Amino acid sequence: VAEEAQAIEERRRIRELFLMIDTDGSNSLEREEVEELLRGLGKKLDEKAVDEAMAEMDRDGGGDISFNEFLEWWQRIGSKMGTQNMLNNATARRFIYDVPMFQKLVEPKFIAMLATMLKPRSYKKGDVIINRGEIGQDMFFMMTGTAAAHLDLAADALAVGTLGPGSFFGEQAMIRDEPRNAYVRAVTDVEVLVLEKADMMKALESFPQLVEMKKQEAMSNHWATVNK
């Protein structure tokens, strides 16, 4: 069962990578998109390299690459070519899109920039990930493991929330420059991706129109803090 669940998760992540590369939304990859894939992998870009990649992927000779063809290529060759970083990047984008304050930011380049800024971090069972009362300077995306939110760190303290893979936390304190309202402690070994506020601010400097849009729409008081 665990192996089956892992295979399903891997296929879903590969699908996300495929959709990330499929920039025109045609549900297939054309030559230009394969060329962009090679560029992302740091491969030499010439006609021969692109021709070879197309031949490897386009098993039915149709001239474009379906998801099933891409999946087969990934399983045969792609995972050995450094595409794991691109796969991780696709997962990071999905996490960011799940955060309400980012969902209406319709600038894909901004989301892509944030995804590259996420930093992996690991915690052992029992480690405190964030402390109640501290001013938030980062937010967290759960990759693996389980964590729990507590109002105090006593051994018998009841959890007020449980966090698993796909969950995120810490965004409110980060955006508002407010104290954290709970402790978060690792229940098992945990791997997270961390978005630091300094990195988010750096990204926003490249997209001032997003801050202006948020002000005009009055979507959230959070963004008044971001635009100070």
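Just so we're clear, the structure is a prediction, and the values are computed from it rather than from any experiment.
- Listed by first and then second residue, the side chain to side chain donor-acceptor pair (under 3.5 Å) pairs that reach into residues 125-149 are Asp138-Arg180, sequence neighbours excluded.
- Under the ring pair (Phe, Tyr, Trp, His ring centres under 6.0 Å) criterion, Phe169 pairs with Phe140, sequence neighbours left out.
- In this structure the side chain of Asp64 never reaches within 4.5 angstrom of the side chain of Asp58, judged on heavy atoms.
- For Ala157, the side-chain contact (heavy atoms from CB on, under 4.5 Å) test picks out His150, Asp152, Ala154, with sequence neighbours left out.
- Applying the ring pair (Phe, Tyr, Trp, His ring centres under 6.0 Å) rule to pairs touching residues 3-37 yields Phe18-Phe67, Phe18-Phe70, sequence neighbours excluded.
- Take Glu171 and apply the side-chain hydrogen bond (donor to acceptor under 3.5 Å, both in side chains) test, not counting sequence neighbours, and it matches no residue.
- Met117 and Val192 fall into different hydrophobic clusters, defined by Ile, Leu, Val, Met, Phe, Trp and Tyr side-chain heavy atoms under 4.5 Å apart, directly or through other members.
- Remark: Asp51 pairs with Arg31 by the salt bridge (charged side-chain N to carboxylate O under 4.0 Å, His left out) rule, at least two apart or across chains.
- Contacts classified as ring pair (Phe, Tyr, Trp, His ring centres under 6.0 Å) and involving residues 170-203 (residues at least two apart or in different chains) are not found.
- For Arg59, the side-chain hydrogen bond (donor to acceptor under 3.5 Å, both in side chains) criterion is met by no residue, not counting sequence neighbours.
- Distance alone, capped at 3.5 Å, is enough to place a donor-acceptor pair between the Glu69 side chain and the Asp60 backbone.
- Scored by the side-chain hydrogen bond (donor to acceptor under 3.5 Å, both in side chains) test, Asn68 finds no partners at all (sequence neighbours excluded).
- Sequence neighbours left out, the pairs with a member in residues 198-209 that pass salt bridge (Lys or Arg N to Asp or Glu O under 4.0 Å) are Lys119-Asp199.
- Applying the salt bridge (charged side-chain N to carboxylate O under 4.0 Å, His left out) criterion to Glu52, with sequence neighbours excluded, gives no partner residue.
- Counting non-hydrogen atoms of neighbouring residues, nucleotides and ligands closer than 6.0 angstrom, the CG atom of Asp189 exceeds 12 such neighbours.
- Tracing side-chain contacts under 4.5 Å through hydrophobic residues (I, L, V, M, F, W, Y), one never reaches Met139 starting from Met142; they form parts of separate clusters.
- Ile135 belongs to no hydrophobic cluster, as no Ile, Leu, Val, Met, Phe, Trp or Tyr side chain comes under 4.5 Å of its own.
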